[in-house]
Structure formats: C-alpha cells, structure tokens
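Scroll down for the structure; my scribbles are underneath it.
Here is the naming used below: chain letters follow the sequence lines, and residue numbers restart at 1 for every chain. Remember, it's a predicted structure, so these values are computed and weren't measured experimentally.
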Amino acid sequence: MTVATDPIAELRSAVSRAALALRDGEPTGPEPTLERPPKAELGDYSSNAAMLLAAPLGENPRDVAARLSAELSEQLGPDTVDRIEVAGPGFVNLFLADPWYRRAMASLASAGETLGPIPVTSPERILVEFVSANPTGPLHVGGGRHAAYGDSLVRLLEAVGHEVQREFYVNDAGGQIGRFAASIAARMRGEEIPEDGYEGAYVAALGERIAAEGIDPTDLEAVGSRGIELILEGVRGTLDRFGVRFDNWFSERDLYSRGEVDAALAQLDQQGHTYRSDEALWLRTTTFGDDKDRVLIRANGEPTYLAADVAYHWDKLERGFERLVDILGADHHGYVARLHAAIAGLGADPERFEALIMRLVHIVESGERAQMSKRSGDFVALDELLDDIGVDATRWFMLWRSHDTTVDLDVELARRQSNDNPVYYVQYAHARIASILRKAAAEAGEVAVGAGVETSDTALEPTERELIKRLLEFPGEVREAAERRAPHRICTYATAVAADFHGFYRDCQVLGAEGEGVERSRLALALLTKRTIAGGLGLLGISAPERM
RNA sequence: GCGCCUGUAGCUCAGUUGGAUAGAGCGUCGGUCUACGAAACCGAAGGUCACAGGUUCGAAUCCUGUCAGGCGCGCCA
C-alpha cells in the first residue's frame, strides 16, 4: 500500500521550515498559519509567518515576507509553486502550480471512499447520552433535534477515531411517572385529568389500549409501567424511522433495583461530601463551585432526581468511559454545575464530563411559531414533521445551525421540492454527478480515479482548482466539526462543495472534453466530489441519492 | 438580584482559540436551458458585526462596562 503525502501538510511544513531558517533554527512562537485567503487574486494559500517573525527579528514584516518568499520558492520548486507574492501587511501568498494540484488529486484518490478524515492523536472511549426524553409522551420536534444532533455528533467522533456509544436514559422512576399513571387511569375511568397531569389525546388512547388489555385502573403501578412500555415502543419506532439507533437504553429504575443509588451515595459519603440537615441528606456541591448545596434524599426519605443521576454517571464511569457527553435541553443548563460537582465529589475528574446545551426548535408556519408543551399536549410530534417534510429535510434543518442557537424551522420552505430548498442543493449536486458518471460508464465502462489523474498536461481551469482545494479541506473540516461538537459546520462545508462543483460544471465540459486526458481527469474530479458529498451527508445522517 | 447563553444583511443564521475588501440560504430586482440534470448558473440591491471604551502591526473574534433578549436560580425532572 502506498501512502500518498498530504499535499497541504507538505506546504505547511515547508512554511515552518522556511520560518525556522530565517530564525537560524531557533524555534519561533506560535505555528504560522496556512489558510485560504479571502479572495482568489490573493493566491491559493497564504501564511502569516512573516508577521509573526517580524517582532522577534525586529524587522519590517514585509521585508521578512520577501525573504521568506525567496526561501520558500527555493524549497518548494517550480513543480509545486508557480509564484509567491507578498501582500497587505506582510502575508506570504502562494500561487500553486498545476502539478501540485494533480498530486493533490492523486492523494485524494488514494485515500479511497473515506477521503481520510484525520484521526485524533489520542482516541477516547466516549459515551454520548442524548434525547433521554421522559417516557410520558411521543417524541416531539425538540427531541428530534437532540436525536439528529447527538447522532451526527457520534458519527463525527467516530470518524476521527474515537470509540463511541449512544445511550438513552429512560426516566422511568420519580414523580412525573406517578402523574402520568394517574392521568391514564383517570382517562380509563372517564374522569378529569388531575392537576399537573398529562392532557394529550394520546393519553386517552393509551388508556383505551391498557383497559383493553385488562389492566385494573386502580393499579397505578401496572398502568404506569405499561404506559411507559407503550410510549417507549413509539419513541423507538420514531427514532428508527429517523435513522437514529441507540446502543443502550438505560433505565433509571434499574439503578435503584441494583442498589446503585445507595452505592453512589455511600461513595459520596465516604469522600466526606454529604451531611444531614432539616431531615434531608445534602450534597456539598458548593465545594466544587455550585452556588448552593443540593438535596440527595428528601426529608420524606425519597431520593431526588440528582441522587439517581449521580448514580447513573458513576455507573458510566465504572463502565470505563473516559469521556461522558450529555446533551441537555437549555432548560436544564442550571443543572450542569451540580452534576459537575457531583462527579468531582465521587472522586472522578470532572473534566471528563461535558454537557452540551441544546436550544429550542420552533416550527414556523405562515410566520407563526407553534408552541410546544408536553404537559398541555399541544406540541408538534416528530412523526408529524417527518410525514410532512421527510427525514432528510428534517435532519438538515435541525443540524444546519449551531446547537447553541434557536432554530426556526420554516416548514413551508422545508416542504418545497424545488430550487428554493437548501436541503436539495447538496443532494442535487450528488445526483448530477451520479448522472454524469452513469453516462460515462455507459460509453466506456466504469470510471476509475486511480491512475491517470496526474498525467494530463492541459492547464487546469480556475474552477477546477477551486474545487480541488475545497475537497482537500474535508478531513480538516471533519476534525474541526468533531472537536467543536459542531455538525452544522458539515452542512456549511457540504454546501460549499456543492457550490464549487456547480461552478466547475458550468465552466468545464466533462464528457467529451477536448485535450489529452482532460475528460479522464475531470471524471476523476467529479467522482472525488461525489465521494466527498456522500461522506459529508453521511456524517449528517442524510441520504446521498443517485437520482432525484 | 445572581449565573449561563445570545445580539452579524429585510428574515433565519454561518464566520468567534486575532488576520487582508465580513459570508450563505430565503426574500426583492434583473439575466441564462440547440453539449454532460435549470432542484442549476450569472448579476444587482441590501451591513455603525447591539453600544462605548481598552489590548496591538491588525478586533465580528480577546478584556472591561452598558443596553436588549432567552433560559436557569425547587426537598420538580
């Protein structure tokens, strides 16, 4: 197996070497950047190395840049660099030669289908817990955003080499379960829903079903358990349809039945972080930066949600996960500090715990925001949205914004199967390429990208160069998106790839292109683009259709 | 009151571990189908990057303060 050199890394290290040479081998401060300049006239890649060196050398940045350029020209040679210019305050701008581009294509081709996302240096065993919606009602669109985000994040983390599991925490214990059972039982008996009960139409449907199964409405335990089971069946079905599969469904009840809550409390006690006051058992979370201490066992002897959650996270750590990622709704962000404190209190490194806060999704139709409240039953079910706009559009619109910002999902836009809909833009580029490749295959057999991409000596068009540079960004984008827990970056990137492809397609005839090896080279570029788009969409859990 | 988050084009948002003339989609206006998919492309209009200071060669990005909005501040989950 041949390992093609990374063409970007090659340039980067040349810049570093040149910078080092100017300092007579004495190490400099920050690594110089190598980035795409804002405008094409400013070259293919550009470095701030001269500006960084100017201060320690005590020279004018532009003079340093001039020397750096000379050094770089010599190092890289005409086979890589066409010319180097100094611009602005002292940027060194590289204009690359076609042979470099052809080597870059060969490098992409040799990376194969995966296009070689850069692995992290220290892979971790990570548990990502997400959705974890209370099993008291169908999944709504907010849960759908959690699902899309969590799932895509896991795909990203796996792509860069982490070992990751998806987990759904089922809150099947506690007060809201009692209210849920009481609400179902009330419906079964034809009574009013109690105060603080669940009022959705699905509660009545559950009641009918449970009654038909012969369960006694006065047996709240049985009603609640069966209700949860039925809700979870539905939630599983919705998630399955959405393409989100969990490795593990973790039951809160099991924590109690296995004695893990007691064990976790004992551990906290042993570490000296608990105390009794006002009949309750408290956790001294203020030791670890929380603004007040928190109750673990109420005065009435009932454990709090926190007690179970401490046990749950203790369990995660015991299972050997090196990093615990919790995706939480914005309304739970106040909870993070105490959980952080609790993990520290158990004696674990709290840095291993990472809470990601998800903000809301608003469904917008005719300029109106639909409200979502599970208690009142007035919410938009994820299933409804999937019926309306489909899985791909739903995932796209839930992922294309940072998790840290509210999403307004305009269903009228998402519903359109037309050129206004940004979802299809990327998919269309993929389908268009597939169509070209089908035609090429029909005429001359399967298209291959391996050999031959380097041989043509016809000059590349500017849009071909743009596209190649864009494709080269893929591994870095994936790594960045994973590190920053930011799947939406992949949406942005995929859109850019599609735009660059359309530009290339506009300017460059592919099939029947004139010139020695030009058609072959362009077909290879089209195929590499197709792989990149499919790779990007795959990380988002969105299909890459051959036809639309 | 305290804490966290947010404030970028008409709308919804990218860009935020400091880089050059701040971008995309939608919306508006105008062009392009006799070559490989017009679900596309090209062009125009549209900005005090909330405001005020500061740090420096350079700030949407970092620091301080102010204003505005969201969320949280339970022996609920």
Can you list everything that forms a ring pair (Phe, Tyr, Trp, His ring centres under 6.0 Å) with A/His502? Sequence neighbours excluded, please. A/Tyr425, A/Tyr428
Could you tell me how the ring of A/Phe397 sits relative to the ring of A/Trp400: parallel (under 30°), tilted (30 to 60°) or perpendicular (over 60°)? perpendicular
Would you say A/Lys439 reaches B/rG37's phosphate, i.e. side-chain N/O to OP1/OP2 under 4.0 Å? yes
If you measure from the P atom in B/rC11 to the same atom in B/rC75, how many Å do you get, rounded? 42 Å
If you draw a 6.0 Å radius around CD in A/Gln509, do more than 12 non-hydrogen atoms from other residues or ligands fall strictly inside? yes
Polar side-chain atom of A/Asn93 near backbone of A/Leu42 as donor-acceptor pair, under 3.5 Å: yes
Give A/Pro37 one of three labels, base, sugar-phosphate or nothing, depending on what nucleic acid heavy atoms sit under 4.0 Å from its own. base
Just call it for A/Ser435: base, sugar-phosphate, or nothing, with non-hydrogen atoms closer than 4.0 Å on any strand. base
If you measure from the Lys or Arg side-chain nitrogens to the Asp or Glu carboxylate oxygens, is any gap between A/Glu480 and A/Arg485 under 4.0 Å? no
Angle between ring planes, A/Tyr312 versus A/Phe250, binned at 30° and 60°: parallel, tilted or perpendicular? tilted
Determine the Euclidean distance between corresponding C1' atoms of B/rA9 and B/rG46; express it in Å to zero decimal places. 6 Å
What integer distance in Å separates A/Phe180:CZ from B/rA77:C1'? 15 Å
Decide whether a cation-pi geometry holds between A/Arg432 and A/Tyr505; the criteria are a distance under 6.0 Å from NZ or CZ to the six-membered ring centre and an angle within 45° of the ring axis. yes
Under 5.5 Å between ring centres and under 30° between planes: true for A/Phe91 and the base of B/rA20? yes
Using the 3.5 Å cut-off, write out each protein N or O paired with an N or O of nucleotides 15-17 of chain B and the distance between them.
from	atom 1	to	atom 2	distance (Å)
B/rG15	OP1	A/His488	NE2	3.0
B/rU16	OP2	A/Arg484	NH2	3.4
B/rU16	OP2	A/Arg489	NH2	2.9

Provide, to the nearest angstrom, the distance between the NE2 atom belonging to A/His333 and the P atom belonging to B/rU6. 11 Å
side-chain N/O A/Arg36 vs B/rA20 OP1/OP2, d < 4.0 Å: no
Integer angstrom distance from the P of B/rU21 to that of B/rC5: 31 Å
CE of A/Met548 versus P of B/rG37: gap in Å, rounded? 14 Å
Distance check: side-chain N/O of A/Arg359 vs OP1/OP2 of B/rC5, anything under 4.0 Å? no
Could you tell me whether the side-chain ring of A/Tyr305 sits stacked on the base of B/rC76, using a centroid cut-off under 5.5 Å and a plane angle under 30°? no
What nucleic acid atoms does A/Arg62 come within less than 4.0 Å of, heavy atoms only: base, sugar-phosphate, or nothing? nothing
A/Thr33 near the nucleic acid: base, sugar-phosphate alone, or nothing, with a heavy-atom cut-off under 4.0 Å? nothing
Answer yes or no: does a side-chain N or O of A/Tyr428 lie under 4.0 Å from OP1 or OP2 of B/rA39? yes
Using the rule given for salt bridge (Lys or Arg N to Asp or Glu O under 4.0 Å), can you reason through A/Asp44 versus A/Arg465, listing the C-alpha separation, both sets of side-chain angles and the distance that settles it, and then say yes or no? CA-CA 9 Å; A/Asp44 295 310; A/Arg465 297 199 187 101; over 6 Å; no
Please, what dot-bracket string fits RNA chain B when only Watson-Crick and G-U pairs with both distances under 3.5 Å count, crossing ones use [ ] and pairs to another strand use |? (((((((..((((.....[...)))).(((((.......))))).....(((((..]....))))))))))))....
Does a distance-only test, which skips hydrogens and angles, find a donor-acceptor pair under 3.5 Å between the side chain of A/Asn93 and the base of B/rA20? yes
B/rU61 and B/rU56, which share atom name C1', separated by this distance in whole Å: 14 Å
Inspect the contact between A/Arg36 and A/Glu466 and indicate whether a charged nitrogen and a carboxylate oxygen are less than 4.0 angstrom apart. yes
If you compare every side-chain N and O of A/Tyr425 against the phosphate oxygens of B/rC41 (OP1, OP2), does one of them come in below 4.0 Å? yes
Assess the residue pair A/Asp290 and A/His340 against the criterion (side-chain hydrogen bond (donor to acceptor under 3.5 Å, both in side chains)); give the C-alpha distance rounded to whole Å, side-chain angles, the decisive distance to 0.1 Å, and a yes or no. CA-CA 9 Å; A/Asp290 197 5; A/His340 201 262; over 6 Å; no
Taking only N and O in the side chain of A/Arg401, is any of them less than 4.0 Å away from OP1 or OP2 of B/rG25? no
Would you say a side-chain N or O of A/Arg432 is under 4.0 Å from OP1 or OP2 of B/rA38? yes
Report the glycosidic orientation of B/rC33: syn if within 90° of 0, anti in every other case. syn
Among B/rU6, B/rC41, B/rA38, the one nearest any side-chain atom of A/Tyr505 is B/rA38
